[in-house]
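Structure first, commentary second.
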Amino acid sequence: MATDTLKSTPGAGGATSGLRRLLLDNGALTALIVLVVALSALSGDFLTTDNLLNVGVQAAVTAVLAFGVTFVIVSAGIDLSVGSVAALSATVLAWSATSHGVPVVLAVVLSVATGIVAGLVNGFLIAYGKLPPFIATLAMLSVARGLSLVISGGSPIPFPDSVSHLGDTLGGWLPVPVLVMVVMGLAAAVVLGRTYIGRSMYAIGGNEEAARLSGLRVRKQKLAIYALSGLFAAVAGIVLASRLSSAQPQAADGYELDAIAAVVIGGASLAGGTGKASGTLIGALILAVLRNGLNLLNVSAFWQQVVIGVVIALAVLLDTVRRKAGATPVAAGTGGNKGKQAGTYALAAVVTVAIVGATSFLHGGSGASTAPRLGLSLSTLNNPFFVQIRAGAQAEAKKRGVDLTVTDAQNDASQQANQLQNFTSSGLGAIIVNPVDSDAASNSVKAADKARIPVIAVDRGVNKAAVNALVASDNVAGGELAAKTVAEKLGGSGRIVILQGQAGTSAARERAEGFAKGLKAYPGIQVLAQQPADFDRTKGLDVMSNLLQAHPDVQGVIAANDEMALGAIKALGSKAGRSVQVVGFDGTPDGLTAVKGGTLYASVAQQPSQLGRIAVDNALRAVHGKKVEPTVKVPVKVVTKDNVAGFSG
């Protein structure tokens with residue numbers, strides 16, 4: 001029979017050998033203890049009740065996904081589709097309940113059924129279609145994400161209020177996502193250790209041919225295994241959407257990798273036959289503790305990815321060392337070492353509490369700094385515009401003697417929610433947020449409001465939540481200027497296409513409104529197509545390349561930012577600046593260079609550095625109780641080849 005846990009061989013060793021064996025057999029738990037102790041020593045904000053609850057909330061979605069993936073990996077399979085299935089299930093729930101009036105209970109059933117059906121399709125392709133699990137689930141990853149975008153139209157869908165309570169707290173302090181994680185973890189443990197299908201997973205993972213010869217219906221069991229993975233993915237998607245108060249079609253992008261990492265870090269082998277729910281939970285907690293602690297220590301999001309990659313590699317290396325150390329298998333489902341495991345976990349808890357309690361004295365006597373601490377959460381730092389906002393904010397903070405922590409959400413609304421939670425639990429003086437999605441940021445901003453922490457929104461607003469101020473360019477007026485600029489360049493008549501920004505953001509919505517208003521004055525301008533390219537240069541290149549196939553006679557392009565405009569210029573090639581006039585938005589350094597070169601006719605230039613400076617200034621005014629205007633507009637101007645030399649963003 002395949003293995004569930006590993007047990008050391010008897011023989012020489014003594015106390016040193018026993019300790020070495022204990023550490024090897026409980027490597028993930030040891031790593032978690034070391035992390036908690038180290039972060040408690042390095043950051044006085046880590047070891048607080050609010051922050052530890054944050055860690056639980058931030059681990060919840062990954063853990064629930066990982067419990068489902070554990071079933072698959074134990075049976076020597078892989079499931080790359082769980083992130084996309086989670087997004088699809090949440091989208092189905094929101095779409096059916098909000099847009100089509102389906103009763104919420106039935107909508108939840110449809111959502112869960114969607115996850116199960118996706119899992120069954122995976123299982124059928126693998127068991128009966130003989131496709132490798134990697135290929136079958138990779139195909140489902142694409143199909144599920146595509147269906148999520150089709151159903152939602154690419155825009156977030158508000159989540160039903162009755163289901164959104166899953167993202168709230170119970171009794172005002174215990175987060176519901178943590179309860180869901182515990183319940184799903186117990187269910188996974190029961191399935192793995194107490195059921196026929198659980199024993200089948202270990203048998204198939206240990207030796208599929210032997211399992212078949214022993215009378216196990218392997219193909220039917222695989223159907224059930226992947227269906228369970230889909231079920232857990234659906235639950236994770238509902239919990240994630242509840243936290244964000246909206247179903248995001250791009251939600252949980254890349255989460256399948258975190259889920260697989262959590263399972264592997266928790267001690268499961270990708271070769272199959274080994275793994276348990278408790279190990280998976282510890283793996284998910286390690287990832288959450290790492291991200292939380294690195295956020296609190298103001299480590300770059302880019303370096304966070306490096307650290308997490310190293311941790312995954314070390315986990316696999318530890319698994320290899322453990323196997324070479326002479327461990328002998330214990331049959332899955334046997335209970336001979338249950339008491340020993342429980343004792344190990346209890347001892348680990350006692351040791352952790354004792355050491356952490358001692359390290360807390362390192363922070364207990366330190367005097368509080370008189371300078372206010374601010375947090376800035378940017379939607380992404382892969383865009384020059386937001387890099388300039390950061391530079392302006394950091395320059396103003398340095399000038400004012402303020403400690404500014406900057407985080408990068410990498411265009412992930414869930415990751416930004418985690419970062420804002422960390423800011424709130426750290427007791428910062430004020431928070432500055434540039435939302436990934438205006439709806440998804442609302443719950444996090446409400447939590448900051450409840451903690452009496454001022455919040456300043458920059459460039460994009462926050463829906464359904466109160467902020468002290470919105471510092472932004474007048475996007476509507478800027479959109480009108482862009483439309484007027486391209487229309488006048490074309491002599492009042494011509495054929496154009498519009499590249500829209502990321503759906504759901506206030507900047508994209510307001511700029512599109514401005515484009516529409518501006519074009520009303522020019523009836524001779526024909527809009528051939530409007531397509532989203534998500535403020536991204538690569539997507540701007542791809543979308544423009546596709547539009548050129550359908551509309552080779554296009555004469556003008558309006559892009560909602562310079563990055564998309566530069567992508568469009570690349571697609572247009574020699575046409576850019578000659579037969580096709582392109583107008584961008586933002587006035588980024590690359591955009592202004594293209595204006596000088598003549599390929600970009602104009603950019604409606606914001607002043608991103610000014611946005612950052614003014615946001616910090618308003619945050620400090622709010623901290624000191626001074627009056628703050630609800631909306632602070634930073635003027636925009638059209639920059640062309642004629643005036644670009646005198647413009648400094």
Side-chain angles (χ1 to χ4, degrees), residues 58-66 68-69 78-94 114-115 118 134 137-157 159 229-230 232-262 284 287-288 291 301-302 304-305 308-309 312 377-383 407-419 435-441 501-505 508 532-539 542:
Q58 293 163 22
V61 172
T62 299
V64 174
L65 282 175
V69 173
I78 199 75
D79 192 346
L80 300 177
S81 67
V82 288
S84 297
V85 171
L88 175 60
S89 299
T91 302
V92 166
L93 195 163
T114 299
F134 184 93
T137 58
L138 182 63
M140 180 55 69
L141 177 152
S142 181
V143 169
R145 184 69 65 185
L147 287 175
S148 179
L149 290 165
V150 168
I151 292 170
S152 64
S155 300
I157 305 176
F159 224 50
S229 180
F232 276 68
V235 173
I238 293 171
V239 172
L240 177 59
S242 299
R243 284 192 66 205
L244 303 178
S245 293
S246 59
Q248 307 273 328
Q250 294 285 14
D253 187 21
Y255 278 37
E256 56 278 349
L257 301 181
D258 276 0
I260 294 169
L287 293 176
R291 287 200 172 101
F302 305 141
Q304 290 182 33
Q305 293 299 106
I308 290 169
I312 294 171
S377 175
L378 290 167
S379 58
T380 179
L381 284 173
N382 288 332
N383 184 315
T407 61
D408 172 13
Q410 298 181 321
N411 279 324
D412 183 342
S414 176
Q415 186 168 332
Q416 185 167 62
N418 294 343
Q419 292 167 354
V436 172
D437 177 81
S438 299
D439 288 316
Q502 187 173 4
T505 61
D534 297 344
F535 294 129
D536 182 79
R537 188 182 303 196
T538 302
K539 290 184 180 179
D542 292 342

Of all the heavy-atom pairs spanning [X] and [Y], show the shortest one and how long it is.
X	Y	result
Leu141	Leu80	CD1-O, 3.0 Å
Ala413	Val436	N-CG1, 3.9 Å
Ala87	Arg145	CB-NH1, 3.3 Å
Gly230	Val85	O-CG1, 4.2 Å
Phe535	Asn383	O-ND2, 3.6 Å
Ala284	Thr62	CB-CG2, 4.4 Å

### Query
Given the rule in the side chain to side chain contact (heavy atoms under 4.5 Å, CB included) test, do Leu244 and Phe159 qualify, once you have shown the distances and angles that lead to the verdict?
CA-CA 8 Å; Leu244 303 178; Phe159 224 50; over 6 Å; no

Is there a side-chain contact between [X] and [Y] (heavy atoms, below 4.5 Å)?
X	Y	result
Val64	Val239	no
Asp408	Leu378	no
Gln415	Gln410	yes
Leu88	Ile151	yes
Arg243	Ser414	yes
Phe232	Leu65	no

### Query
Rounded to the nearest 0.5 Å, how far apart are OG of Ser89 and CD1 of Ile238?
7.0 Å

### Task
To the nearest 0.5 angstrom, please state how far the CG atom of Leu147 sits from the CE atom of Met140.
8.5 Å

Just checking, any donor-acceptor pair under 3.5 angstrom between side chains of [X] and [Y]?
X	Y	result
Arg537	Asn382	no
Thr91	Ser152	no
Gln416	Ser377	yes
Ser81	Asp79	yes
Asp437	Gln248	yes

### Task
Kindly write out the residues that satisfy salt bridge (Lys or Arg N to Asp or Glu O under 4.0 Å) with Asp534, not counting sequence neighbours, or none if the list is empty.
Lys539

### Message
Applying side chain to side chain contact (heavy atoms under 4.5 Å, CB included) to Asp253 and Asp412, what does each step give before you reach the verdict?
### Response
CA-CA 8 Å; Asp253 187 21; Asp412 183 342; over 6 Å; no

### Message
For the backbone of Ala144 and the side chain of Ser148, can you confirm whether one donor and one acceptor N or O come within less than 3.5 Å of each other?
### Response
no

